[in-house]
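Working notes, beginning with the structure itself.
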Amino acid sequence: MAAELTAHQLIAQHRPTLDLALETIRTRAYWSPHPEHPKAYGENGSLDTAAGKAAFDALAGTRLDLGQPGTDGWVGGEVSPYGIELGVEYPHADLDVLLPAMQAGQKAWRDAGAELRAMVCLEILKRIADRTMEFAQAVMHTSGQAFMMAFQAGGPHAQDRGMEAVAYAYVEQSRTPETAEWTKPQGKRDPLALTKRFTPVPRGIGLVVGCNTFPTWNGYPGLFASLATGNAVLVKPHPRAVLPLALTVQIARDVLTEAGFDPNLVALAAERPGEGIAKTLATRPEIRIIDYTGSTAFGDWLEANARQAQVYTEKAGVNTVIVESTDDYRGMLANLAFSLSLYSGQMCTTPQNLLIPRDGIRTDQGAKSYDEVTADLARAVDGLLGDDARANALLGAIVNPDVKARLEAAAGLGEVALASREVTNPEFPDAVVRTPVIVKLDGAKPEDEAAYTSECFGPVSFAVAVDSADHAVELLRRSVREKGAMTVGAYTTDPQVEEAVQEVCLDEAAQLSLNLTGGVYVNQTAAFSDFHGSGGNPAANAALCDGAFVANRFRVVEVRRPA
């Protein structure tokens with residue numbers, strides 16, 4: 001089949017966007033080509049909310065045939081956290097047929113070069129962006145995110161992260177020139193002269209192991225980093241969140257075909273109930289790169305057992321905020337209340353431990369005791385979520401029964417400063433919606449330590465009384481070193497405390513936010529500017545996104561000959 005998208009067309013359309021992305025990762029300034037407000041997507045057009053909902057509804061009860069080789073059956077069974085059965089079926093793959101087919105297209109993809117690969121990736125992202133509202137519905141009904149968050153995080157923010165990975169991949173592949181003329185003087189004899197060619201070559205097939213909570217936001221960096229560096233990519237979604245990544249694979253296969261490449265460079269590996277194919281895939285010799293987001297237990301297993309692959313993991317940590325003093329007490333409480341509530345705390349960046357001196361803190365409203373701080377924070381969360389419509393818009397739905405069980409068990413761990421309550425969603429009466437719980441613990445009591453030093457994923461936070469700022473810093477250091485952290489926050493007006501917290505974060509490689517009181521929150525990061533994770537503590541062995549995230553997905557092979 002003749003290519004419908006020529007290299008010239010792709011470069012003319014997407015090279016300016018790539019250049020802007022390259023400049024932005026250099027300056028770390030704000031930039032996004034993907035609008036994060038629904039109004040930017042038109043009214044009564046192909047991109048608006050209603051059209052996206054209609055496109056999503058039309059998928060119900062259908063079979064998403066991707067045209068993959070080796071399909072030996074069909075699987076499905078996704079049920080939205082909002083109580084809707086999606087009813088979409090996906091191809092189940094015979095890996096012994098699919099993986100060799102994926103390898104077959106890698107030579108042409110390798111030979112295309114870094115620039116053309118980047119252009120094809122940007123065309124895939126453009127077509128995903130054209131269906132942002134449809135993806136918002138797919139993310140909402142697989143992750144349980146409320147619509148606005150599913151739209152933003154699952155749409156433009158995920159697309160930004162994918163484009164960021166493409167930009168970093170291009171930078172690293174372009175670091176070495178394609179050719180070089182090498183001449184070494186030999187005195188009176190003729191010089192030695194060689195012509196050298198340097199080619200980035202892929203490692204092999206990249207495996208993306210998707211997560212339930214952020215299927216596109218966490219899936220796109222690895223997918224596009226591997227694809228842009230010349231590798232085929234096999235996407236293994238979480239069984240409860242297949243649809244957003246299946247649609248992504250479908251779009252990628254269409255673009256690859258139109259650009260004259262083998263569509264099997266991107267494929268889907270959906271699984272039967274209880275099949276657990278991630279372990280099988282992770283140790284196949286064809287799999288040479290693995291990107292994983294999820295539990296620490298399986299991330300550790302991958303790092304220990306997938307020895308043939310380069311493994312990138314984002315696991316879990318215990319995120320901590322030190323509350324020592326503030327010059328904006330109300331702003332601090334409002335900021336923390338939002339951070340604890342967003343998506344029912346089901347984010348790897350949500351604060352869990354709030355370390356508060358037992359003697360209280362200094363504020364612009366005077367001294368506040370530990371009990372007053374925890375009570376005021378509880379009131380701030382209550383005020384934020386007091387209206388059920390607003391609560392539903394912020395909380396979304398509990399993604400799975402395990403989160404609900406942890407939430408219910410947390411109330412028995414200590415004195416409850418804020419009890420969780422059930423919220424009814426009138427549009428989706430079967431949705432499980434709960435407000436956060438805040439539990440008071442004592443950092444000096446060994447019996448409380450087991451609770452706050454373990455990750456409790458979900459809408460659960462611990463207000464931990466500490467002896468002093470020094471005690472808080474000591475607990476922070478130990479927590480990050482032993483358990484890891486995706487985020488650290490601190491509120492302080494004391495330069496010495498600020499310096500001490502900063503030194504811990506530099507020593508233990510944890511991303512730090514100081515004194516956030518406005519519209520930026522500790523659990524949110526901006527692509528092209530912020531690093532998500534660091535790769536330097538147990539919470540993750542990679543950062544989204546830096547040079548290290550892409551550079552080892554390919555190797556440079558040299559061919560030299562006499563000039």
Side-chain angles (χ1 to χ4, degrees), residues 143 145 149 153 157-158 160-161 164-165 209-215 217-222 291-300 302-303 311-322 335-336 338-355 399 403 406 436 452-462 475-490 501-502 504-514 516 520-527 529-546 548-549:
S143 70
Q145 295 174 28
M149 185 174 187
H157 296 171
D160 284 352
R161 282 296 183 192
E164 177 186 48
V209 181
C211 70
N212 194 175
T213 48
F214 289 88
W217 198 99
N218 279 113
Y220 284 2
D291 287 277
Y292 168 76
T293 300
S295 72
T296 297
F298 190 59
D300 289 345
L302 286 172
E303 291 171 4
V311 179
Y312 300 90
T313 59
E314 182 197 309
K315 297 176 287 191
V318 176
N319 300 319
T320 298
V321 176
I322 292 177
N335 192 281
L336 284 173
F338 187 92
S339 297
L340 300 183
S341 303
L342 186 62
Y343 185 31
S344 301
Q346 297 169 128
M347 304 171 69
C348 64
T349 50
T350 300
Q352 174 178 304
N353 293 341
L354 308 173
L355 307 185
V399 70
V403 175
R406 281 193 294 270
Y452 67 78
T453 58
S454 301
E455 188 200 19
C456 193
F457 184 77
V460 177
S461 292
F462 300 116
L475 285 180
L476 171 66
R477 182 183 296 276
R478 183 154 55 91
S479 176
V480 177
R481 180 174 295 174
E482 295 176 2
K483 302 294 184 177
M486 295 299 294
T487 56
V488 172
V501 173
Q502 183 171 296
V504 167
C505 291
L506 292 172
D507 288 346
E508 306 300 335
Q511 311 294 11
L512 171 63
S513 297
L514 286 166
L516 298 181
V520 177
Y521 304 95
V522 67
N523 45 348
Q524 296 175 317
T525 57
S529 185
D530 293 324
F531 292 110
H532 175 74
S534 71
N537 68 65
N541 74 359
L544 304 181
C545 183
D546 60 7
F549 185 69

Between the main-chain N or O of [Y] and the side-chain N or O of [X], is there a donor-acceptor pair closer than 3.5 Å?
X      : Y      : value
Ser479 : Leu475 : no
Gln352 : Gly317 : no
Asp291 : Gly219 : no
Asn537 : Ala485 : yes
Arg161 : Tyr220 : no

Sequence neighbours left out, what passes side chain to side chain donor-acceptor pair (under 3.5 Å) with [X]? Give chain and number order.
X      : value
Asn353 : none
Asn212 : Arg240
Ser461 : none
Tyr312 : none

Residues which pass side chain to side chain contact (heavy atoms under 4.5 Å, CB included) with [X], listed by chain and number, not counting sequence neighbours:
X      : answer
Gln502 : Leu506, Leu512
Thr296 : Asp300, Lys315, Ala316
Ser295 : Tyr292, Ala297, Phe298
Ala540 : Glu314, Met486

Please name all residues satisfying ring pair (Phe, Tyr, Trp, His ring centres under 6.0 Å) with [X], sequence neighbours left out, ordered by chain then number.
X      : result
His532 : Trp217
Phe214 : Tyr343
Phe462 : none

Checking Arg477 now: which residues fulfil salt bridge (charged side-chain N to carboxylate O under 4.0 Å, His left out) with it, not counting sequence neighbours?
Asp507, Glu508
Full working for side-chain hydrogen bond (donor to acceptor under 3.5 Å, both in side chains) between Thr313 and Glu303:
CA-CA 8 Å; Thr313 59; Glu303 291 171 4; 2.5 Å; yes
With Val321 as reference, evaluate Leu355, Leu476, Leu516, Leu354 under the side-chain contact (heavy atoms from CB on, under 4.5 Å) test and give the passing residue.
Leu354
